[in-house]
Amino acid sequence: MLAVKNYKFWFCTGSQDLYGDECLANVAAHSKEIVAKLNESGVLPYEVEWRPTLITNELIRKTFNEANMDEDCAGVIVWCHTFSPAKSWILGLKELRKPLLHLHTQYNEEIPYDTIDMDFMNENQAAHGDREWGHIVSRMGIERKIVAGHWSDPVVQGKIASWMRTAVGVVESSHIRVMRVADNMRNVAVTEGDKVEAQIKFGWEVDTYPVNEIAECVDSVSQSDTNALVDEYYDKYDILLEGRDPEEFKKHVAVQAQIELGFERFLEEKNYQAIVTHFGDLGSLKQLPGLAIQRLEEKGYGFGAEGDWKVAAMVRLMKIMTAGMKDAKGTSMLEDYTYNLVKGKEGILQAHMLEICPSISDGPISIKCQPLSMGNREDPARLVFTSKEGTGIATSLIDLGNRFRLIINTVDCKKNEKPMPKLPVATNFWTPQPDLYTGAEAWILAGGAHHTAFTYDLTAEQMGDWAAAMGIEAVYIDKDTTIRNFKRDLMLGEIFYR
Ligand code: MN
């Protein structure tokens, strides 16, 4: 499900024919070596592919249009080894639609003091060639990432790697299709939004199906398939009966197994990668999908509760951006529930009725069956766990009526201070940066939602760059946030993005 295409990034070196064939041969050899070493580094999540040196406007335009058409190309990396007159790039840049990284590097790390002469200077002049190139990109107002430093430096390679994940998020955003089998919860404002504008801005397709169509698909899942999945659950998770009859308990679990299989078939058949549900709109489903949704999220599907399609799409997006990441710690929908306001222990208990993704779990995962305090269905089975420690980001995409804003809060996830034996849901506990009070005040000033798309595995910079590529406002709440400056950020956004 989370198989992301084997994307490649084109490495395009800029030069010109003023310096003669020998120089151009060196330029090509050097850039080939850089590409090979970048690929050998093991740092980059995707392969870099060398392209012939770009020296004329015709070739630049042709190459960039080939990049546009190549479905495997997720972005273009440009570096000007020599001076490359930037007017030659105008037509190509105008037509480029793939994410763009300007790698401001040079072949040699150190100035060769003993041998340096004017030939060397002409051949190795990214320090001014890249400024000429950067000028035209800035003049044309084109969104791009700039990474400066020697290409062999692991810090530089790490920045390229990080941008690659953003670029894949940009390219993959237009492949996200969200299935709504329920509308937004009545009277709730923040989960609403303009779905047409979301498709224009992000490429998301957000479509509605009657809930009973998916419920019929659930009903058609065979008993034997259901039982096999129940067996898998019983192998994998701890069963916490808490006084319930074991047979009755297993029947409740089987309802979720059947929902998991039925939902997955329906989503696959109709080509959707994210889904929303609503506890008040379940048609003929016997339980609110809990364990079933948790398992689908773990497989890579996006999810939003109470019809929250923006969160569903964001969770899916962040799962794609982190796909294949070594030592990934997880990505999930979460919701701000309740505070601990004890001095020195401040934080927000994150949970939901049921639907937290087990990718963020730490330690054992249990199945419990408990009544829902809302809705009118039988007691749903759900996975219960606590989450990993560490830094993550909580994001909220809101519709302000005339535009979208992405709010990104860096948060420090901690162990719950004490067990909560009577709480039958998965939890996370975090302290927003810079502190609970400033973080909460800033979040509310920005209009952030109670639902979030959360991950341990991306940075605020990566999500902010994604937002910039989508042409929307991003605001950051982190260790540098003060309310006075944050208000100014919001005021600037009002002017810039109106
Ligand atoms: Mn909710």
Side-chain angles (χ1 to χ4, degrees), residues 178-193 195 206 208 211 256 259 263 274-282 285 287-298 301-319 330-339 347-360 368 370-377 379-385 387 392-399 406-407 409 411 420 423-430 432 440 443-444 446-455:
V178 183
M179 178 182 285
R180 299 169 73 232
V181 292
D183 202 347
N184 300 69
M185 187 175 162
R186 275 188 292 281
N187 291 319
V188 175
V190 80
T191 56
E192 281 281 7
K195 298 188 282 294
V206 186
T208 301
V211 65
Q256 292 288 334
I259 294 174
F263 270 40
I275 187 166
V276 301
T277 60
H278 179 354
F279 64 86
D281 187 5
L282 292 171
L285 291 171
Q287 298 176 10
L288 174 64
L291 198 162
I293 286 293
Q294 293 178 291
R295 298 256 313 175
L296 290 174
E297 261 185 283
E298 192 174 27
Y301 288 92
F303 174 74
E306 292 94 50
D308 196 337
W309 53 269
K310 297 196 298 300
V311 164
M314 288 303 293
V315 169
R316 169 65 181 173
L317 175 78
M318 288 156 81
K319 283 183 178 281
T331 300
S332 180
M333 176 225 169
L334 280 164
E335 180 169 64
D336 298 302
Y337 251 93
T338 200
Y339 290 125
I348 316 171
L349 186 63
Q350 301 288 322
H352 202 257
M353 282 177 200
L354 306 172
E355 309 95 334
I356 306 309
C357 177
S359 64
I360 66 170
K368 290 192 182 196
Q370 290 277 340
L372 270 191
S373 50
M374 283 184 257
N376 55 356
R377 298 305 150 108
D379 303 351
R382 75 287 302 271
L383 298 174
V384 179
F385 52 84
S387 299
I393 51 165
T395 68
S396 175
L397 179 69
I398 58 166
D399 186 338
L406 183 68
I407 300 145
N409 190 182
V411 298
M420 296 174 281
L423 189 68
V425 289
T427 59
N428 198 338
F429 181 86
W430 70 52
W443 186 271
I444 291 169
H450 47 279
H451 289 164
T452 55
F454 164 83
T455 184

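Only heavy atoms go into these numbers, but all of them, side chains included; no hydrogens, no water, no symmetry mates. Each ligand, and each atom within it, is numbered from 1 in the order the structure gives.
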Discussion item. What I want to check is whether the side chains of D336 and Q350 have a donor and an acceptor closer together than 3.5 Å.
Written reply: yes

Practice prompt. Sequence neighbours left out, what passes ring pair (Phe, Tyr, Trp, His ring centres under 6.0 Å) with W443? Give chain and number order.
Written response: none

Give the atom name of whichever N/O/S atom in [X] sits closest to the Mn ion (ligand 1).
X: H451; answer: NE2
X: E335; answer: OE2
X: H352; answer: NE2

Worksheet item: Is E306 close enough that one of its N/O/S atoms sits under 2.8 Å from the Mn ion (ligand 1)?
Response: yes

Item to complete: Identify the two heavy atoms, one from T191 and one from H451, that lie closest to each other, and give their separation to 0.1 Å.
Response: CG2-ND1, 4.0 Å

Response to the item:
By side chain to side chain donor-acceptor pair (under 3.5 Å), Q370 pairs with (sequence neighbours left out) E242

